[in-house]
Structures are given as C-alpha cells and as structure tokens.
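Heads up: the structure comes next, in structure tokens.
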Amino acid sequence: MIKNGAASLMVRLLHLPRAASAPTYPRRRHHLALLPSLRLRVPAPAAAAAMSSAAAAQEVADQKRALRSEVRRALRALTPEQRASEDQAIQNAILNSSWFKESKRLCAYISCAQLREVDTSKVLSEVLSPNSEHGHAKDLYVPRVEDKNRNMRMLKITTMDDLVKNSMNILEPSPLDASGNAREEVLSTSSPVDLFLLPGQAFDRTGRRLGRGGGYYDTFLMRYQELAKEKGWDQPLLVALSYSVQILEEGIIPVNSTDVPIDALVSSSGIIPISPAALARI
Ligand SMILES: Nc1nc2c(c(=O)[nH]1)N(C=O)[C@@H](CNc1ccc(C(=O)N[C@@H](CCC(=O)O)C(=O)O)cc1)CN2
Ligand SMILES: Nc1ncnc2c1ncn2[C@@H]1O[C@H](COP(=O)(O)OP(=O)(O)OP(=O)(O)O)[C@@H](O)[C@H]1O
C-alpha cells in the first residue's frame, strides 16, 4: 500500500487477484464528470460546470502530476528483488498467453530500469530471437520520440543492436538501419498491428492509464486507432504492464478526453481483461 501523509492523495491499492467482476470498460471517452469528487479535491459537478474548461483541464493536469509523484515514490520503495520477481511473473504471463503467441505484429516499449518500468527484455528477446518459438514470426515496432510536441513514431527493429540511448536515457531505434535505409514506420505500413504492450505510471481495472505526462502514447494510439478505422482493420489489443503498486482503486486516476483506455492489464497476479475486445481474446 502507498503510505500517504495527511495532505497527500489517498491512494489505496487493489488486492489482486479478484474474482472476474463485471467490466466497467468505458464505451465512450472519459470525461471530467467521471472523476471522484472527494479524494482528489475535484470540484463538485456544479462548481466544475462553472469552471472554465481551461481551469478544469489545469485541475486534471495538476492531479495527474500529484499522482505521478505518489506512484513514483511507491515504485522507488520496491526492492530490486520485488521488482525482479514481478518482472518475471509478468513476462511469463505474456509469453504463455494465446494473444501474445498469436500476435503477428506488435508495438512494445523498451523498458528503462531507472524509470522503474516493468521489464520487457525477456519478451522482446523472445520476439527477436530467430531460434525461439516466437522468433521472427512477429514484426516488432518500438517508440522513437521525434520532438516535444507529442510526436512519437514506432519503428521496426530486428535486433536490440538497432537501439541507441536518447537524451532521456531510454533506448530507441536510430531512424536509419545499418544499410542507411529509413526504418519501417508502423503508421506507414499496409498491415495492421494486433498488439500494443504499453508502459505507464498507474492503471485501474476500468482501463484508465496514467502515463509520464508527455502525451506521446495517447497521441500515437489515437492516430493508430483512426488509421485502423479508416482502413477497416481490427483494433489492436492495448495491454499495459504493471507492478502491483501501480494498480489503483477505481476513480483515483483523473482522466480527460484525450486519454485512451487500455483493454487489459498484466500484473504479477496475472492478466486482467477489461474491455469487451479483451474478454473475447483473453
Ligand atoms: N520505455 C519507455 N519508452 C518511451 C516512453 C516511456 O514511457 N517508456 N514514452 C512515453 O511517453 C516516450 C518517452 N517519453 C518519456 C517521457 C518522460 C520521461 C521521463 O524521464 N520522465 C521523468 C520525469 C521527468 C520530469 O517530470 O521532469 C519520470 O517519469 O521520472 C521519459 C520518457 C517514448 N518512449
Ligand atoms: N490526442 C491528443 N491530442 C491533443 N493533445 C493531447 C492528446 N493526447 C494527449 N494530449 C495532451 O498531452 C498532454 C499530456 O497528456 P497526459 O497527461 O494525459 O499524458 P500521459 O497519458 O501521462 O502520457 P502518455 O500518453 O505519453 O503516456 C496533455 O496536455 C494532453 O491534453
């Protein structure tokens, strides 16, 4: 449990696993009225209505920032052993799942231990290993930040040697491959992606995801979802990887209209399907 001072956010964690409960996956985009009004100092509906939309957006941004610091503290308190044990359980759950085994094209993040992200190295080395059960049967695309205006591309890599450290100390693909050719970009290819493995700072069982505050993933996912709709492709499964301390009670995570909900969560206690699409595939 995250311990709070009297003035800090009351974040209580869920105890996992829970019996399969009816999903409350939002069919429409989240909006401010869904926010809890007490714990997070969110204005009551009447006050919210009186607020300018800019002030309301600022309120949500401030709450998100406070929640990120809270979760960052909880993650820093985990011992290396606790993290290693959860990393292993999470990656094994993914590697053993039918939705992962069946996936042909996926976008995944390159985990950064310094940022206390759930490790993806085992899953990715399986995807990239030519001798493995999954090897090269899948195309892998990973993020590259292009600027500070929420522009991120997902570029194809075939080996971990395709990656270089960026200014934020995160590994990302160089724009050109070893032969000097531009890497394939997932939004420009002619086939759909079936799976996203997503990072994040906090999650809940209704599909809310709090990122690092750059808006890179929400923007990318919105663009990808629009492309898939235009092309008539099935939407990809959006699966987030989470340490137990990152799974928060419903209603704690503030959301706005640009937050893209996830379909499922993988924690050390197993896979939590959330959306109807996830319930059908998981
Ligand atoms: N592994 C990984 N790759 C990713 C992301 C990610 O979250 N994880 N991104 C997802 O967007 C993009 C990069 N965005 C990032 C945004 C912030 C920070 C970062 O270091 N944030 C610090 C706080 C910085 C501050 O507040 O001044 C932190 O979270 O501790 C890193 C990457 C693309 N690649
Ligand atoms: N699709 C979008 N279009 C316009 N603005 C967006 C979009 N997605 C996010 N933003 C803006 O980006 C900023 C950061 O958003 P937010 O705090 O939700 O990011 P996050 O979910 O923490 O990060 P990420 O999505 O990269 O994981 C906010 O000002 C938000 O309004």
Side-chain angles (χ1 to χ4, degrees), residues 1-18 24 26 30-44 48 51 55-87 89-90 109 111-119 150 168-170 198-218 238-262 264-269 272 274:
M1 179 178 297
I2 297 175
K3 296 209 169 56
N4 305 297
S8 66
L9 297 170
M10 287 179 56
V11 177
R12 282 204 294 123
L13 304 179
L14 290 174
H15 297 284
L16 299 172
R18 192 198 260 180
T24 53
H30 301 300
H31 59 77
L32 289 171
L34 290 174
L35 291 175
S37 56
L38 294 174
R39 290 192 185 160
L40 284 167
R41 296 177 287 102
V42 175
M51 258 177 140
Q58 189 55 50
E59 184 85 22
V60 170
D62 291 347
Q63 289 160 5
K64 284 186 173 183
R65 197 172 315 113
L67 198 50
R68 283 189 196 100
S69 329
E70 191 98 2
V71 175
R72 194 175 296 124
R73 266 200 298 279
L75 285 169
R76 299 250 161 224
L78 295 178
T79 65
E81 293 73 26
Q82 283 170 320
R83 283 193 283 132
S85 145
E86 293 203 33
D87 285 337
I90 292 166
Y109 66 97
S111 55
C112 175
Q114 239 176 307
L115 291 173
R116 301 293 193 270
E117 291 182 317
V118 173
D119 188 15
R150 295 181 282 99
M168 295 180 290
N169 227 12
I170 293 185
L198 301 171
Q201 281 286 80
F203 311 94
D204 75 16
R205 289 172 175 275
T206 69
R208 291 184 182 191
R209 171 185 163 278
L210 177 72
R212 293 195 175 276
Y216 290 103
Y217 265 96
D218 285 326
L238 307 183
V239 180
L241 280 53
S242 178
Y243 291 118
S244 307
V245 296
Q246 295 176 281
I247 304 181
L248 308 184
E249 271 193 359
E250 291 171 24
I252 297 284
I253 299 178
V255 280
N256 47 18
S257 61
T258 53
D259 285 315
V260 176
I262 55 171
L265 255 180
V266 187
S267 80
S268 55
S269 304
I272 306 169
I274 298 168

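One is the number of the first residue; the rest follow in order along the sequence. Below, all heavy atoms of this structure are taken into account, side chains as well, without hydrogens, waters or symmetry copies.
Glu250 contributes no side-chain N or O that, together with a main-chain N or O of Thr206, makes up a donor-acceptor pair within less than 3.5 Å. Here the side chain of Asp218 pairs a donor or acceptor atom with the backbone of Val260 at under 3.5 angstrom. Panel note: side chain Asp87, backbone Asp119; a donor-acceptor pair is recorded below 3.5 Å.
Residues Asp259 and Val255 come closest through the heavy atom pair OD2-CA, 3.2 Å. When all heavy atoms of Ala202 and Leu248 are compared, the closest pair comes out as CB-CD1, 3.8 Å. Taking both residues in full, the closest heavy atoms of Arg76 and Gln114 are given as NH2-O, 3.0 Å, listed atom of the first, atom of the second, then distance.
Annotation: side chain of Val118 is in contact with side chain of Tyr243 (closest heavy-atom distance under 4.5 Å). The side-chain heavy atoms of Ile253 and Leu67, taken from C-beta on, include a pair separated by under 4.5 Å. Inter-residue side-chain proximity for Leu78 and Arg116 is flagged as unmet; no heavy-atom pair is nearer than 4.5 Å. Between Ser85 and Ser268 the shortest side-chain heavy-atom distance does not fall below 4.5 Å.
Rounded to the nearest 0.5 Å, atoms CZ (Arg65) and CG (Leu210) are 11.5 Å apart. Note that CD1 of Ile272 and OG of Ser242 are 8.0 Å apart. Values are rounded to the nearest 0.5 Å. One distance of note links CG of Leu265 with CZ of Arg205; it measures 8.0 Å at 0.5 Å rounding.
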CA sep, side-chain torsions, deciding dist, call: Ile274, Ile262, side-chain contact (heavy atoms from CB on, under 4.5 Å): CA-CA 8 Å; Ile274 298 168; Ile262 55 171; 4.2 Å; yes
Stepwise, does the side-chain contact (heavy atoms from CB on, under 4.5 Å) test hold for Arg212 with Leu115? CA-CA 10 Å; Arg212 293 195 175 276; Leu115 291 173; 3.4 Å; yes
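A side chain to side chain contact (heavy atoms under 4.5 Å, CB included) with Leu75 holds for exactly one of Gln201, Arg83, Glu117; it is Gln201. Exactly one residue among Glu59, Lys64, Arg208 makes a side chain to side chain contact (heavy atoms under 4.5 Å, CB included) with Pro254. That residue is Lys64.
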